[in-house]
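Okay, structure first, notes after.
Read the numbers this way: they start at 1 and go in the same order the structure lists the ligands and their atoms. Each residue takes its place number in the sequence, starting with 1.
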Amino acid sequence: MPIAIPNNLPAANILENENVFIMYEDRAYSQDIRPLKVLLLNLMPTKIVTETQLLRLLGNSPLQVEVDFMYTATHTPKHTPQEHLVKFYETFDTIKSRNYDGMIITGAPVEQMPFEQVAYWDELCEIMEWSKKHVYSTLHICWGAQAGLYYHYGIPKYSLPEKMFGVFPHNIISPNQDKLFRGFDDIFYVPHSRHTEIRREDIEKNAALRILSESEAAGVHTVADSHGRQIFITGHSEYDPLTLKSEYDRDISQKLPINIPCNYYPGNDPSKPPVVLWRSAANLLFSNWLNYYVYQETPFDLSRL
Ligand SMILES: CC(=O)SCCNC(=O)CCNC(=O)[C@H](O)C(C)(C)COP(=O)(O)OP(=O)(O)OC[C@H]1O[C@@H](n2cnc3c(N)ncnc32)[C@H](O)[C@@H]1OP(=O)(O)O
Ligand SMILES: N[C@@H](CCO)C(=O)O
């Protein structure tokens with residue numbers, strides 16, 4: 001739990017500069033703690049797998065988090081049982097009257113079509129517009145990040161000559177500056193699985209955006225606006241140990257041209273069990289987002305967003 005100390009204790013200043021989370025007594029004692037409200041917009045065909053992966057990471061926190069699940073009304077998912085959607089998910093028409101501390105927009109296997117051809121594009125644009133006034137911080141993943149950067153900032157995506165596939169080393173652009181990467185090692189690993197990319201030069205043209213982390217091999221990794229209310233991540237830190245394997249096996253069985261995922265199988269041998277290099281960074285990324293970008297910044301009264 002965060003430490004609660006008097007506002008003017010000398011240690012407060014020092015610790016604050018080190019990004020140690022302090023709960024000042026006026027906040028700690030004058031307000032009740034309430035659970036954080038997080039909305040998961042799940043665009044993946046593998047909805048149950050994805051929601052489990054993300055909840056595992058969101059659950060690695062002493063903060064209490066209440067999660068609502070949303071899917072798109074303008075595309076009926078084929079791969080998720082209707083029963084599951086009816087029981088656990090809502091659509092935007094019931095969600096839009098609420099406010100949230102955080103939202104996650106997942107990836108989706110639609111990256112090779114123009115944004116406007118995605119069946120739920122207009123609905124997604126409406127959701128992203130709504131999020132500006134109804135969500136404190138939104139974390140966008142993979143295609144969700146491409147969609148968010150295109151919708152909010154006009155940043156295009158580009159096709160890659162071959163799939164970016166594997167687990168790649170990354171580095172932080174300004175160590176000690178961004179709380180999203182507090183506690184990270186100098187080099188950390190992230191899975192990527194995509195046929196498209198966003199480019200550094202397009203992001204650098206936009207003064208509202210900053211690149212926080214990147215990979216020599218996999219390119220831009222994290223982009224954020226100046227207040228961390230929009231965070232865009234090109235990798236899949238949430239992936240399970242065998243997710244890349246299942247995608248690789250699927251593509252091999254369909255005789256698609258696909259390389260062995262990089263830095264994944266020992267000795268690059270797909271008959272061996274993969275080695276997980278990204279789990280600790282994944283846990284830290286999500287707990288830092290929840291703590292520093294959601295909990296510490298969101299208004300206690302969500303109607304004041
Ligand atoms: C770039 C990123 O964000 S990577 C994240 C995406 N990664 C993954 O989805 C990995 C797991 N997915 C898979 O393995 C495959 O998509 C499978 C096996 C589930 C299904 O593959 P296929 O049967 O070949 O494709 P299919 O035609 O059913 O479409 C798959 C999904 O693409 C999406 N999709 C396809 N066409 C459209 C379209 N025009 N508009 C919107 N969504 C579309 C849908 O989400 C669809 O799944 P759903 O109907 O359950 O929502
Ligand atoms: N991660 C995706 C890429 C396609 O968008 C897959 O392999 O299914």
Nitrogen or oxygen of [X] less than 3.5 angstrom from that of ligand 2:
X: Glu111; result: yes
X: Asp251; result: no
X: Arg194; result: no

Tell me if the centroids of the rings in [X] and [Y] come within less than 6.0 Å of each other.
X: His84; Y: Tyr89; value: yes
X: Tyr264; Y: Tyr248; value: no
X: Trp278; Y: Tyr239; value: no
X: Tyr150; Y: Phe115; value: yes

- Quick one: does ligand 2 sit under 4.0 Å from the side chain of Lys163, the backbone, both or neither, non-hydrogen atoms only? side chain

- Minimal non-hydrogen separation, Gly148 against His140, with atom names: CA-CD2, 4.0 Å

- Message: Please determine whether a side-chain nitrogen of the Lys or Arg among Glu214 and Arg200 lies less than 4.0 Å from a carboxylate oxygen of the Asp or Glu.
- Response: yes

Strictly under 4.0 Å, does any heavy atom of [X] approach an atom of ligand 2?
X: Tyr239; result: yes
X: Gln112; result: no
X: Arg250; result: yes

- Item | Asp186 atom CG, neighbour heavy-atom count above 12 within 6.0 Å | no

- Query: Which residues pass the ring-ring contact (aromatic ring centres under 6.0 Å, His included) test with Tyr293, sequence neighbours left out?
  - Reply: none

Show the short N or O contacts, below 3.5 Å, that ligand 1 makes with protein N or O atoms; if there are none, say 'none'.
from     : atom 1 : to     : atom 2 : distance (Å)
ligand 1 : 3 (O)  : Ala108 : N      : 3.0
ligand 1 : 3 (O)  : Ala108 : O      : 3.3
ligand 1 : 3 (O)  : Trp143 : N      : 3.0
ligand 1 : 14 (O) : Arg250 : NH1    : 2.3
ligand 1 : 28 (O) : Lys78  : NZ     : 3.4
ligand 1 : 28 (O) : His79  : NE2    : 2.6
ligand 1 : 40 (N) : Ala119 : N      : 2.9
ligand 1 : 49 (O) : His75  : NE2    : 3.2
ligand 1 : 49 (O) : Lys78  : N      : 2.8
ligand 1 : 50 (O) : Lys78  : N      : 3.1
ligand 1 : 50 (O) : His79  : N      : 2.9
ligand 1 : 51 (O) : His75  : NE2    : 2.8

- Query: Closest non-hydrogen protein atom to atom 1 (N) of ligand 2, residue and atom name please, with distance?
  - Reply: Ser193 OG, 2.8 Å

- According to the interplanar angle, ranging from 0 to 90°, do the rings of Trp143 and Tyr120 count as parallel (below 30°), tilted (30 to 60°) or perpendicular (above 60°)? perpendicular

- Would you say the side chain of Val220 lies within less than 4.5 Å of the side chain of Ile203, judging by non-hydrogen atoms? yes

